[in-house]
Amino acid sequence: MIIFLEKVREKTIFSFFEPIVTEPLELMYIQAILMQEKITSYIIDDKFKLDKPNGAIPNLVILTGYNVSENLIVSKAKAYKNKYPTVKIMVSGVHAQLNREAFRTKGIDYVYFSQSLETFRTFIKTAIDLELDYEKEDNKYISNKHKNNKEDKSNYFRKGVDIYDKLTDSWQLGQDEVLIKSENISPDRLVFNDIKSQTRYIDKTQVALVKSSHGCPYSCSFCYCRLLNNGIYLKPDYKRLISEIKEIDSSYIWVIDDSLFIAREDALDFINNAKNEYLNKSLIIYLRADFIVENEDLMSELKSWGIDEVIVGFESEDESMLSEYNKGQTANIYQKAVNILKKEAIELTALFIVDPAYEIKDFLRLYKYIKKLDLDLYTISIMTPLKGTLDYELRKHELIETDPRKFDFLHLVLKSKLPKWLFYSLFYLCHLRLIKSKRIRKMIRGNYEK
């Protein structure tokens, strides 16, 4: 059996600047399972010029991508079907987990929505083999015996996956599944080792991604991470996380958990394990501002054990907006959080959101606030209800855009209070301070030197 694993990337405004370039981590997890099962697979990713191998004909193609790639994924599936008429197509990934119905379409055979890699292993060992073995001449089952055998075994692989049934021209919907404990599976990093020189986070190069938790315990209304795994949060195993990090040959490790530490005891657990393993890595992590302020005394030690940069969702300086977002913290702690990080020489990327209802005064207030905080690096996104969230369902009737490519946080998908041209002008003017950013300049110099 030959399986192609393709990362489908839709181009956005950032595609021209590429401030962040990361490996297709989810495919590396899948490839680890396939390697254990002795199944031949190839990762395909245009960004890294990882092309389809010459002469190889896939039995299965697994496509994954972000929300903006929804239409492109469907288009890719049809293209594969045209080129390889007998190939099976699966769509997986975070967007598919919450939007299964978007991919129940012609050209796609499976929509995998479980977070479990062990469930995927079971699927590969049963469902795919049965489909490939029993569907042969003219796409019909060889015999009723085979058909019955397939039906008898269906319970083994219906968890976490929707399956298109050719015989009935209908979709058989899979059973929902919740992870109750994390799985002891690490991604295969052979591909990463070949492409790591191309990866980066702004000015930091050779950046490897690591994922150690599932879901998120917070209830921010704009984020769909909290909806993954049916809302059940599984915290990291910090001992295992540090062991995995130590094995990665890379300058920087970006831990992409929504918040690496939820409570003080989490940070203490990390510190104790880092000491035991003598961790010597530079880490980029996500933290909340309230955690930083409430645990100021730990930040120095966290710095000494590898925390090089934190990404913090500030969202807004407006208390009413934070309440609307159900952020669970107030803006009066942001200045203190910034000061703590500067004191400990921990770099910061601050994340802000502007609302389509913003007026001129709101943009001016935000610009002044960023200036007051003296931020070297920040991002500003346009509030975008993400498909699959309650926000999306509540505001679906307000949408002025339905093209998935426009849901990239850089386009208005809801009607703005200001004229559109003025809203965009003010939105980009709020980025002017980034021209002075030392890290942005370093990134630009690095690109120029290449």
Side-chain angles (χ1 to χ4, degrees), residues 7-15 20 22 25-26 63-74 91-105 111-115 162 176 209 211 213-233 256-259 286 288 311-316 321-328 349 351-358 379-416 423-424 427:
K7 177 75 171 187
V8 181
R9 301 180 189 261
E10 185 66 75
K11 292 188 180 298
T12 69
I13 294 172
F14 282 131
S15 300
I20 297 174
T22 58
L25 181 66
E26 65 273 35
L63 303 173
T64 185
Y66 301 125
N67 62 306
V68 293
S69 302
E70 182 179 299
N71 287 348
L72 186 57
I73 289 173
V74 173
V91 176
S92 70
V94 171
H95 185 59
Q97 287 174 26
L98 294 183
N99 297 281
R100 297 149 60 180
E101 68 286 347
F103 300 105
R104 296 188 201 122
T105 185
V111 182
Y112 190 81
F113 57 87
S114 173
Q115 291 222 321
D162 294 340
D176 287 331
L209 300 181
K211 178 72 173 172
S213 67
H214 294 273
C216 178
Y218 298 106
S219 300
C220 303
S221 62
F222 54 83
C223 180
Y224 65 19
C225 295
R226 67 192 178 95
L227 302 176
L228 299 174
N229 201 36
N230 283 345
I232 304 301
Y233 171 66
I256 56 174
D257 298 358
D258 293 282
S259 186
Y286 290 88
R288 281 172 58 102
I311 305 170
V312 182
F314 283 26
E315 274 61 77
S316 176
M321 294 303 298
L322 290 178
S323 177
E324 184 178 326
Y325 297 156
N326 202 23
K327 183 67 178 177
T349 301
L351 313 179
F352 290 94
I353 298 174
V354 296
D355 196 271
Y358 265 28
T379 71
I380 306 175
S381 301
I382 298 173
M383 167 50 67
T384 302
L386 290 174
K387 195 174 180 181
T389 65
L390 179 60
D391 271 10
Y392 182 89
E393 292 303 317
L394 292 175
R395 307 193 71 175
K396 190 160 52 174
H397 65 286
E398 302 176 42
L399 293 174
I400 60 173
E401 288 284 356
T402 57
D403 185 344
R405 293 175 298 179
K406 298 298 178 67
F407 285 71
D408 60 357
F409 306 100
L410 299 173
H411 289 85
L412 282 163
V413 299
L414 298 169
K415 184 176 176 58
S416 59
F423 181 95
Y424 280 127
F427 172 66

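Numbers here simply count residues along the sequence, with the first being 1. The basis for the numbers below is simple: all heavy atoms, side chains too, and nothing from hydrogens, waters or symmetry mates.
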inquiry  = Would you compute the distance between atom CZ of Phe409 and atom OG of Ser381 and round it to the nearest 0.5 angstrom?
reply    = 6.5 Å
N/O donor-acceptor pair under 3.5 Å between Tyr66 side chain and Asp408 backbone = no
task = Identify the heavy atoms of Gly65 and Ile73 that sit nearest to each other, and give their distance.
result = N-CD1, 3.8 Å
query = Is there a donor-acceptor pair under 3.5 Å between the side chain of Ser69 and the backbone N or O of Glu10?
reply = yes
Closest non-hydrogen atom pair between Asp355 and Phe423, with its separation = O-CE1, 3.4 Å
inquiry  = Check this for me: Arg405, atom CZ, are more than 12 non-hydrogen atoms of other residues, nucleotides or ligands nearer than 6.0 Å?
reply    = no
inquiry  = With a 3.5 Å distance limit and no angle check, can you tell me whether Thr384 reaches the backbone of Phe407 through a side-chain donor-acceptor pair?
reply    = no
task = Report yes if some heavy atom in the side chain of Tyr392 is under 4.5 Å from a heavy atom in the side chain of Leu386; otherwise report no.
result = no
message = I want to check something: taking the side chain as every heavy atom from C-beta on, are Thr64 and Lys7 in contact at a cut-off of under 4.5 Å?
response = yes
query = Is any side-chain heavy atom of Leu414 less than 4.5 Å from a side-chain heavy atom of Leu399?
reply = yes
request  = Determine whether Leu412 and Ile382 make a side-chain contact, defined as any pair of heavy atoms from C-beta on separated by less than 4.5 Å.
outcome  = yes
task = Mark yes or no for whether Asp162, through its side chain, and Val111, through its backbone, hold a donor-acceptor pair below 3.5 Å.
result = no
message = For a 4.5 angstrom cut-off between non-hydrogen side-chain atoms, does Val413 reach Pro385?
response = yes
message = A side-chain contact here means heavy atoms from C-beta on lying under 4.5 Å apart; do Lys415 and Pro356 qualify?
response = no
query = Going from CZ on Arg9 to CG on Leu72, what distance comes out if it is rounded to the nearest 0.5 angstrom?
reply = 12.0 Å
key: Distance-minimising heavy-atom pair for Phe103 and Asn99   = CD1-O, 3.6 Å
ask   = Between Phe427 and Leu410, which heavy-atom pair has the shortest distance, and what is it?
value = CZ-CD2, 4.2 Å
request  = Compare all side-chain heavy atoms of Tyr286 with those of Asp257 and state whether any distance is below 4.5 angstrom.
outcome  = no
ask   = Do Thr22 and Ile256 come close enough that some side-chain heavy atom pair is under 4.5 Å?
value = no
inquiry  = To the closest 0.5 Å, what do you measure between CG (Asp258) and CZ (Arg288)?
reply    = 11.0 Å
note = In this structure, CZ of Arg100 is separated from NE2 of His95 (nearest 0.5 Å) by 13.5 Å
